[in-house]
Amino acid sequence: QVQLVESGGGLVQAGGSLRLSCAASGRPMSRFGMGWFRQNPGKEREFVAAISWTGVETLYTDSVKGRFTISRDNNKDTLFLQMNSLKPEDTAVYYCAFSRFTVGATAAANYDYWGQGTQVTVSS
């Protein structure tokens with residue numbers, strides 16, 4: 001059974017940093033793209049960042065470029081999202097997901113396994 005478990009969320013002041021982790025089990029990460037999404041109540045799940053299976057190719061939504069960095073450790077089946085210069089508008093539940101492909105993608109429909117999410121709250 002494939003399982004993704006996010007951790008590292010919390011409450012931080014604007015301008016601060018957090019590092020999210022996503023531990024995968026039941027399916028080796030090494031052959032699949034991975035992604036991070038976020039969602040607020042009543043809103044659509046929003047793409048944040050994605051990474052190819054090699055870690056070479058990355059994608060970011062415009063609002064986080066230059067502030068967030070996605071990375072992965074295939075030996076440990078772990079995905080990361082380093083978030084710097086956080087803003088109140090970054091507040092959301094953050095989810096990691098397995099892509100169906102070897103590369104990441106921006107559309108949620110291209111992901112077939114999701115974690116339960118971790119809350120990130122940025123105070124002003």
Side-chain angles (χ1 to χ4, degrees):
Q1 182 177 355
V2 177
Q3 190 173 20
L4 296 170
V5 179
E6 301 94 339
S7 61
L11 174 63
V12 64
Q13 287 189 331
S17 298
L18 284 173
R19 189 190 196 205
L20 304 184
S21 298
C22 171
S25 60
R27 176 199 264 190
M29 274 179 50
S30 58
R31 296 300 182 186
F32 296 93
M34 301 288 294
W36 287 99
F37 288 73
R38 63 189 180 188
Q39 188 171 24
N40 281 301
K43 294 191 175 182
E44 294 280 325
R45 192 163 292 189
E46 174 191 21
F47 169 76
V48 176
I51 189 168
S52 64
W53 71 281
T54 60
V56 172
E57 298 170 331
T58 57
L59 296 170
Y60 297 94
T61 191
D62 285 346
S63 63
V64 308
K65 284 180 181 176
R67 301 188 298 121
F68 290 12
T69 302
I70 187 171
S71 62
R72 63 192 296 161
D73 184 340
N74 287 340
N75 291 326
K76 297 183 178 179
D77 285 325
T78 305
L79 177 72
F80 303 100
L81 185 67
Q82 178 66 44
M83 304 187 296
N84 298 328
S85 302
L86 281 160
K87 303 175 181 180
E89 51 263 43
D90 295 318
T91 295
V93 177
Y94 283 71
Y95 299 89
C96 65
F98 261 113
S99 171
R100 293 194 175 96
F101 312 109
T102 58
V103 296
T106 59
N110 289 316
Y111 294 80
D112 52 7
Y113 292 101
W114 295 82
Q116 293 299 305
T118 185
Q119 176 71 46
V120 171
T121 303
V122 184
S123 63
S124 57

Check the pair Asp90, Lys87 against salt bridge (Lys or Arg N to Asp or Glu O under 4.0 Å), reporting the backbone distance first and the verdict last. CA-CA 5 Å; Asp90 295 318; Lys87 303 175 181 180; over 6 Å; no

Between Met83 and Val48, is the side-chain contact (heavy atoms from CB on, under 4.5 Å) condition met? List the steps. CA-CA 11 Å; Met83 304 187 296; Val48 176; over 6 Å; no

Take Trp53 and Met29 through the side-chain contact (heavy atoms from CB on, under 4.5 Å) test and state the conclusion after the steps. CA-CA 7 Å; Trp53 71 281; Met29 274 179 50; over 6 Å; no

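Put simply, Val2 and Phe32 are part of the same group of oily side chains (I, L, V, M, F, W, Y) that touch within less than 4.5 Å, one to the next. Linking ILVMFWY residues whenever their side-chain heavy atoms come closer than 4.5 Å, directly or via other members, leaves Tyr60 and Tyr111 in distinct clusters. Leu79 and Val93 fall into different hydrophobic clusters, where Ile, Leu, Val, Met, Phe, Trp and Tyr residues are linked whenever their side-chain heavy atoms come under 4.5 Å apart, directly or through other members. In the hydrophobic clustering of ILVMFWY residues, with side-chain heavy atoms under 4.5 Å counting as a link, Val12 and Leu20 come out together.
When ring centroids are compared, Trp114 and Phe37 come within the 6.0 Å threshold.
Under the 6.0 Å distance and 45° angle rule, Arg27 does not count as a cation-pi partner of Tyr113.
Among all heavy-atom pairs drawn from Ser17 and Gln82, the shortest one is CB-NE2, 4.0 Å. When all heavy atoms of Ala14 and Ser124 are compared, the pair lying nearest together is CB-CA, 4.4 Å. Closest of all the heavy-atom pairs between Gln39 and Lys43 is NE2-O, 3.0 Å. Here the closest heavy-atom approach between residue Ile51 and residue Thr58 is recorded as CG1-CG2, 3.9 Å.
Under a 3.5 Å cut-off, the side chain of Arg72 and the backbone N or O of Gly55 do not form any donor-acceptor pair. A donor-acceptor pair under 3.5 Å links the side-chain atoms of Asn40 to the main chain of Thr91, judged by distance alone.
To the nearest 0.5 Å, atoms CE (Met34) and SG (Cys22) are separated by 4.5 Å. Atom-to-atom distance recorded for Leu18:CG and Phe68:CZ is 9.0 Å, nearest 0.5 angstrom. Note: Tyr94 OH to Leu81 CG = 7.5 Å, rounded to the nearest 0.5 Å. With rounding to the nearest 0.5 angstrom, the CZ atom of Phe47 is 12.5 Å from the CH2 atom of Trp36. Here the straight-line distance linking atom OH of Tyr95 with atom CD of Glu6 works out to 8.0 Å at 0.5 Å rounding. Atom-to-atom distance recorded for Asp73:CG and Phe80:CZ is 5.5 Å, nearest 0.5 angstrom.
The neighbour count for Gln119 CD, taken as heavy atoms of other residues, nucleotides or ligands under 6.0 Å away, is above 12.
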